[in-house]
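Structure first, then comments.
We number each residue from 1, following the sequence as shown.
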Amino acid sequence: AGDGGPLKTLAVVSYELGWRRAAVLVNEDFVTGYSQVLMPAMQSLGLQHLHFAYKTPNSIDRKEMLADILELIANSGYRIIMLYPKGVDMVDMDVLSKSKGLRSGSFYWVMMQNGNVKEWRASTHVLVVKTQEAGGNSLRAAFQARWPNVSTPYSESKYGSFNRTTKLPFYGKAAYSSTIWDTHGDGLPDYWGTFVYDTVYLFAKALHAMNESGDDLTDGTLLRERLLQIRHFGITGEITFDRHTQDRTQPMEMILFQGTGQLPYVIARTTKQISESSPSDSGWCRSGCTDLTNATLAAIPWPSGKVPSDGRDLDPGRSQSYVAPDFLEGRAIQIDIKARDSSGGVPCAKTCAGGSSVQECRDCQQTLVNYDQLTAEARDAAGCLLQPTRMWQLTFDETSGLADLVLHGGLGADWKKDDTVYISVLHRGRHLIGSPHAVLIHITLEDHTRAVIIVLSVVSSLVVLIGVAYAIRNMRKVWIQRARENERLKKMAEQHEQMIEERITKACAATKSCMFNVCFIKYTNFKKAGRLLMHEHHREEGNLVSFDTYELVLEWVQRFSTIFISHQWLGFTDPDPDNIHFPAICSACEAVCSTSGLSEDALYVWVDYISIPQSNAYLKQLSIASLPVYASVVKYFVVVAPKCIHHDKRAECNSATYQRRGWCRLEQWARMTVGGLRNMYLYDGDGTLQSLKD
């Protein structure tokens, strides 16, 4: 049947329910379906999402990795979890998600019906996409009536346990090839059995048509064409195919489990349009893909009585900042802010409406909106950051979404004349609408008096100069030449200033543009490896946490402690051939945890050999081009430079040789341009962290 229709249904129904963000959990064997269908569908609908790929949890290590991913989701603030699993994953996913508190009332799961969802049917917070029932199909009725006569109910006491990982005894050496199994014990065929039946019938029908036309039965291309032309009403319903995607155009439906003893509730059914539209085409629909209306939306029996929240917080793209066009230097600067979420409403208004507890409302306001992450910064016309001697003071009203940022006493600069500054208002590093604001700073009365005296002095001097120039006419040509030279020098100075401004602009943009994913590794997994292993190794082991955009990684690092390790390579092709830096990095990380009161299990590490691709030269260059982003977003920056001998040069390496490395200095500057020297340390192998100084 293909996964295209179900995946598009996941995105469209989520959008029509009003959700605008979700955590997406995909079995790594289905990453292609995610990248080609689900991801473009979500992007085209404006659905923000965190993507996590996991391996089938058939070993202790893989279960631990999945548990780590689920813990990240639990702490991410996202409340909608899209699941694209294998059937064999569902038992472990059920157990682990419950252990991480992800099956409580504040989380909803939206998933594909891939394999067995029996373990989830007792839940009231699970939505499943499935094919619409055939309803009234005589072929299906006859098939189900015949099934009990040919099938064998599976009994564990008689045939042994059913291994959900190996599929034994259904596949492999121990398979009972002549037995038709009924594993549910309800006398009906297993779910996959109906699709197998229809598939065999479709191929038989296509081959029959080819035989009747005298076609070559071994022509695979022609056989595919015959299959795409088929229109058949089979056991699983009407069967036609989309010629573009070659997916089945069978209509889908989204159901909500209502707990033990109750039938699932059909939330929405898709229209034919969803099967015929590609998420990458301009014709992809934002409405009309399902039969959801305001009336049917209001009738859905949500346990809380209302549509669940997706946990969305303050959205900078919909929040507005207002600043007066001018201020008197030395007086307070006030910024008015109207905070809104991604739907345009007051953040947490739905959660805090009737039916929610006071605690649920407070949790939303404190953990999701994060008004305290509203910040402001001022820069001069050259783009240099003005560091005020006082801090911005924040006040906000949670019920109205209105907030104020006030800088009492102004910017504290020694202004000589009226000048323009540019004030930016940000939430987690993203500009609010209207930001940055061009604001004119007026000098005070005392400065005006001083300015008048200076102007008068200049005028008097000019009068004298004019008199001298009049008296010595023979010097006129010299003065003209000097004026022309001054004009030339002025233009050169302006061009130089413009070039510097462009370089500053490009440098600032580079700190917010990801050419390649930002990749972190959990410190406990890093330490477990025993030495520095390359990016591709940890990627295959599923140890990397990866983010595609600057906005996503910025949001993530606000919630989790991260550390950037900057070090000099000790070999031409291997950063640590003698395993000297690895234990030093471990000691530095543990020192950071000790001084900051962090658990080692809560720390995530960026280090070049692990976080930058090594095998693919093109991806490596893209990642290196993103170094300013990597270094600027982390909480801690540690230079690891113990005294040791370079493996190939046989020369001493230490903190002094580290400072002479161009890449190392680039990493430091990228960090300092955003956060200054705060949380920047040197670890030279003596067991202590040294704060970096100017």
*State yes or no: are the ring centers of F582 and F526 separated by less than 6.0 Å?*
yes
_Restricting to ring-ring contact (aromatic ring centres under 6.0 Å, His included), what partner residues turn up for H232, sequence neighbours left out?_
Y201
_Partner residues of Y523 under the ring-ring contact (aromatic ring centres under 6.0 Å, His included) criterion, sequence neighbours left out_ = none
*Of the non-hydrogen atoms in V12 and C289, which two are nearest, and what is the gap between them?*
CG1-CB, 3.5 Å
*Considering all heavy atoms, the nearest S546-C519 contact*: OG-SG, 4.0 Å
Got a list of side-chain donor-acceptor pairs under 3.5 Å for residues 23-34, not counting sequence neighbours?
residue : atom : partner : partner atom : Å
N27     : OD1  : D29     : N            : 2.9
N27     : ND2  : T56     : OG1          : 3.0
N27     : ND2  : D89     : OD2          : 2.8
E28     : OE1  : K55     : NZ           : 3.2
E28     : OE2  : K55     : NZ           : 3.3
D29     : OD2  : K86     : NZ           : 2.4
Y34     : OH   : H49     : NE2          : 2.9

*Lys NZ or Arg CZ of R20 over Y15 ring: under 6.0 Å, within 45°*: yes
*For K522, which residues count as a salt bridge (Lys or Arg N to Asp or Glu O under 4.0 Å) partner, sequence neighbours excluded?*
D68, D601
*Partners meeting side chain to side chain contact (heavy atoms under 4.5 Å, CB included) with A529 (sequence neighbours left out)*: L533, H538
_Working note: L127 + L17, criterion side-chain contact (heavy atoms from CB on, under 4.5 Å); need CA distance, chi angles, decisive distance, verdict._
CA-CA 12 Å; L127 287 76; L17 288 174; 4.2 Å; yes
*Determine, using ring centers only, whether Y265 and W302 are less than 6.0 Å apart.*
no
*Could you check V518 against Y630 for side-chain contact (heavy atoms from CB on, under 4.5 Å), going step by step and ending with a plain yes or no?*
CA-CA 7 Å; V518 185; Y630 303 158; 3.6 Å; yes
*asked:* Restricting to side chain to side chain contact (heavy atoms under 4.5 Å, CB included), what partner residues turn up for T199, sequence neighbours left out?
replied: F203
*salt bridge (Lys or Arg N to Asp or Glu O under 4.0 Å) with K63: which residues, sequence neighbours excluded?*
D92
*K98: salt bridge (Lys or Arg N to Asp or Glu O under 4.0 Å) partners, not counting sequence neighbours*: D94
*Heavy-atom pair with the smallest gap, counting every atom of M82 and A22*: CG-CB, 4.3 Å
*Any donor and acceptor pair, going by atom type alone, linking the side chain of S44 with main-chain N or O of A41 inside 3.5 Å?*
yes
*From the options Y108, F257, W109, select the one residue that forms a ring pair (Phe, Tyr, Trp, His ring centres under 6.0 Å) with H125.*
Y108
*asked:* Between T240 and R231, is there a side-chain donor-acceptor contact under 3.5 Å, judged purely by atom types and distance?
replied: no
*Quick one: salt bridge (Lys or Arg N to Asp or Glu O under 4.0 Å) partners of D608, sequence neighbours excluded?*
none
*Indicate whether any N or O donor in one side chain lies under 3.5 Å from an N or O acceptor in the other, for Q48 and E555.*
yes
*Which is it for L38 and M42 under the side-chain contact (heavy atoms from CB on, under 4.5 Å) test, yes or no, and what are the steps along the way?*
CA-CA 6 Å; L38 183 57; M42 296 185 72; 4.0 Å; yes
*Using the test side chain to side chain contact (heavy atoms under 4.5 Å, CB included), find all partners of E536 that sit at least two apart in sequence or belong to another chain.*
M534, R539, P613, Q614, S615
*Partners passing ring-ring contact (aromatic ring centres under 6.0 Å, His included) against F547 (at least two apart in sequence or in another chain)*: W556
*Looking only at atom types and distance, does a side-chain atom of T549 sit under 3.5 Å from a main-chain N or O of L552, one as donor and one as acceptor?*
yes
*Only counting residues at least two apart or in another chain, list the ones meeting side chain to side chain contact (heavy atoms under 4.5 Å, CB included) with P575.*
L532, H567, W569, Y609
*Please determine if R103 forms a cation-pi arrangement with W120, meaning its NZ or CZ atom is less than 6.0 Å from the six-membered ring centre and no more than 45° off the ring axis.*
yes
*Below 4.5 Å, heavy atoms only, C-beta onward: do M93 and Y54 meet side chain to side chain?*
yes
*Relative to each other, are the rings of Y604 and F560 parallel, tilted or perpendicular (30° and 60° limits)?*
perpendicular
*List the atom of M254, the atom of V110, and the distance in Å for their closest heavy-atom pair.*
CE-CG1, 3.6 Å
*With distance as the sole test, does E253 use its side chain to make a donor-acceptor pair with the main-chain N or O of A268 at under 3.5 Å?*
no
